[in-house]
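Just so we're clear, the structure is a prediction, and the values are computed from it rather than from any experiment.
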Amino acid sequence: MGEKEKIIEQALSEGRNTLSEYESKRLLHAYDIPVTNEVLVRGYDDFKGAIQKVGFPLVIKACAPDLAHKTEQGLVRVDIRNEEEAQQAYEEIMLKVQGSGGGILVQEMVKGHRELMVGMTRDAQFGPCVMFGLGGIFTEILKDVVFRVAPIERKDALEMTREIKAHKILGEVRGMPPADIDELVRILINVGQMGLDHEPIKEVDINPLILSGSKPIAADALVVLAPPT
Amino acid sequence: MPEAKLLENLKYLFNPRTVAVIGASDNPNKLGAHVMKSLTQGGFEGRILPVNPSAKTIMGIEAMGSVLDSSIPIDLAVVVVPAQFVPAVFEQCVSKNVRGIVLITAGFKEIDDPQGAKLQEKVRRLATKAAIPVIGPNTFGMINLNRNLNASFTPQFSLLQKGKLTLVSQSGGMSHLLAFMAMKQEVGFSKVVGLGNRLNVDFPDMVSYLMEDPDTEVIMLYLEGLDQPRRLLEAASRGRGKKPIIAYKTGRAESGDRASLSHTGSLAGNHDIYRGGFRQAGILCLDSSEALLDTARAMLMCPPPKGRKVAILSGQAGPAMAAGDFCEANGLEIAAFDSGTQKVINELLPPLALRTNPVDLGPAWYDARAIAGIVGAVMEDKNVDAILLLMMFASANRGAIASVSDLALRWKQQKPLITCLAAPQGIWEKQVKELEQSGALTNLPTPERAAQALVNLWEYRKIMEK
């Protein structure tokens, strides 16, 4: 069994229908999709080491399966700049997640003003489909998204990047460099492949996929599973 | 078998020598009478065999008790008997080696009573085992104009002109509507096919068949939802580039799974996935019945534009603005003329008019030589990929069409020429029709629709790029 299968099997054997953010990103990484540099810790000693490893500024998040919409629940602290702030964030979040079997994710703070979204959904009729759109807080408000049926080719992925209404965000705007379209294309193709490779994956959310300069990086991710019936 | 044989038999279904009408009637309160009218009045040249055990003749043609009584082979049976009699009728058709069936009868899967679905499955097995393709049930039927075959319950479908467009539709209502629109616009059709409940002939089967059908050049689909949409995508991909497929799909209100844990799942509207999937398979998605027919006409007559740069030549400023706005909002560019072209225009038009693109031909209303000179220069301009020519009739510009006719006829759309030449009834009609029929242009009723047709030609061209 490869790493990908292991991550999925582990979650299924525990009767879960989601992967944690950390697990989701391990899976994305295995599909060559760039993710944030991050360390999952269970205790304070590990935490201190993780801070050193990731470096400031950083993000501290609760990390457990079945934890969606973390921001709304106050389980995310961003732009932490020193040990004092880190310790405070650690204690506050630890209080909320104690007993849930989760941990704390220490994550590099990705700098970038442009938030995109990439996803996969297993449609009842079409099977695995790939989504691309505007991410972050605008996802649900603007619903600026396009779909293709997996597998997708380079041409399809390119069209997707041009088809969203806000496609100009991928260009050179307000002093920001144009997005690395080749990298975006690769991510879109690979997320479709995830759906084709693994029947138990029902949905994948990469949201936000932040443009750090020109490079897209998965800053948050969620993989939803549907146990084989 | 059975799929290849089934497709093979579709040829007989659409091009029969002998048609039996099972449930034929003289009583105008029965569909069987309307189907008989369609066949007899539509000019079908093969044999028509009315089947009705309790009548001697129907519409003057000798009737028989069952298809088994026929001494000659039967290629197509049109079935209009009540649903409960359909299994027995199908068994007789199987024994008689009928090649294809149009099952007009309703009361199958579409009804609330689960018995309907059961009955449908029963007759599906009978037909599919014998490799008999069935159009329907729950359909108005189908029409193949090139064979004068009207196998529907609406005799007026035969008023359609013969042509190269084929419509395959999931809705009887939309099929009737599009046919009436086509009649008014004098647009010819090859076939109109109402798939109904799609017993064993579904959209992908029809696409595969029509790709090989010499009478069809543009395939139009109207659909609401499919059980196995990937099959249609595969069929379309196999025929990619052979013939254009354009589709109008309704049912966009259906949204994603609101209970979904992920954003992707909750945003995944069925319509958006259709749109994306169709594009991948080379099917152009359109948003109205009007656009479906306009685009089909343009695809039949116009070459695909090589680029996105359009010239707008208009007898009046307003229509040019309307067309220009539509083009620019939908991915086309207003071309910047080559300096040679601009020089010609500047010489022929006084400076009081808009002389850059869009060109206001207003001051040249009386001047046939100026209009022809400008249109000719724009046709030859390397910076122009397509032309929209707009002219609203006014008493003083009556001669405008004549001034460009010869030019357009000679030029034969080396680039797409889509027009809106609009006039009161009886004026310009004959001239425009002749130009259309000789392939010189496609004329549409409004500047926006002319622009939309051009946008769709360009979209299709982009879809086809590999």
So with a 6.0 Å cut-off around NZ of B/K243, is the heavy-atom count from everything else above 12? yes
Thinking salt bridges, do A/K155 and A/E159 make one under a 4.0 Å N-O criterion? yes
Side chain, backbone, both or neither of A/V146 within contact of chain B (heavy atoms, under 4.5 Å): neither
Most contact-rich option vs chain A, by heavy-atom pairs under 4.5 angstrom, among B/D272, B/L226, B/I273, B/L233, is B/I273
So for A/I206, is it side chain, backbone, both, or neither that comes closer than 4.5 Å to the heavy atoms of chain B? neither
Are any side-chain N or O atoms of A/S212 and backbone N or O atoms of A/K215, one a donor and one an acceptor, separated by less than 3.5 Å? no
Between A/V118, A/V204, A/D205, A/T121, who has the most heavy-atom pairs with chain B when the cutoff is under 4.5 Å? A/D205
Report the C-alpha distance between A/D79 and A/K111 in whole Å, list the side-chain angles of each, state the deciding distance to 0.1 Å, and finish with yes or no for salt bridge (charged side-chain N to carboxylate O under 4.0 Å, His left out). CA-CA 10 Å; A/D79 203 16; A/K111 290 198 190 72; over 6 Å; no
Can any side-chain N or O of A/N207 pair as donor or acceptor with the backbone N or O of A/G136 at less than 3.5 Å? yes
Under 4.5 Å from any heavy atom of chain A, what part of B/F278 do you find: side chain, backbone, both or neither? neither
Could you check whether any side-chain heavy atom of A/K61 comes within less than 4.5 Å of a side-chain heavy atom of A/D220, counting everything from C-beta outward? yes
Do you know which of A/M131, A/Q125, A/K143, A/M120 has the most heavy-atom pairs with chain B at a distance under 4.5 angstrom? A/Q125
Does B/D385 use its side chain to pair, donor to acceptor, with the backbone of B/K309 at less than 3.5 Å? yes
Does B/R124 pair with B/E121 as a salt bridge, N-O distance under 4.0 Å? yes
What part of A/V223 is in contact with chain B, defined as an atom under 4.5 angstrom from a non-hydrogen atom: side chain, backbone, both or neither? neither
Once you round to the nearest 0.5 Å, how far does NE2 of A/H29 lie from OG of A/S24? 14.5 Å
Under 4.5 Å heavy-atom distance to chain A, tell me which part of B/R279 shows up: side chain, backbone, both or neither. side chain
When rounded to the nearest 0.5 Å, the distance separating OG1 of A/T161 from CD1 of A/I169 is 12.5 Å
Quick one: which residues of residues 198-210 of chain B reach chain A at under 4.5 angstrom, heavy atoms only? none
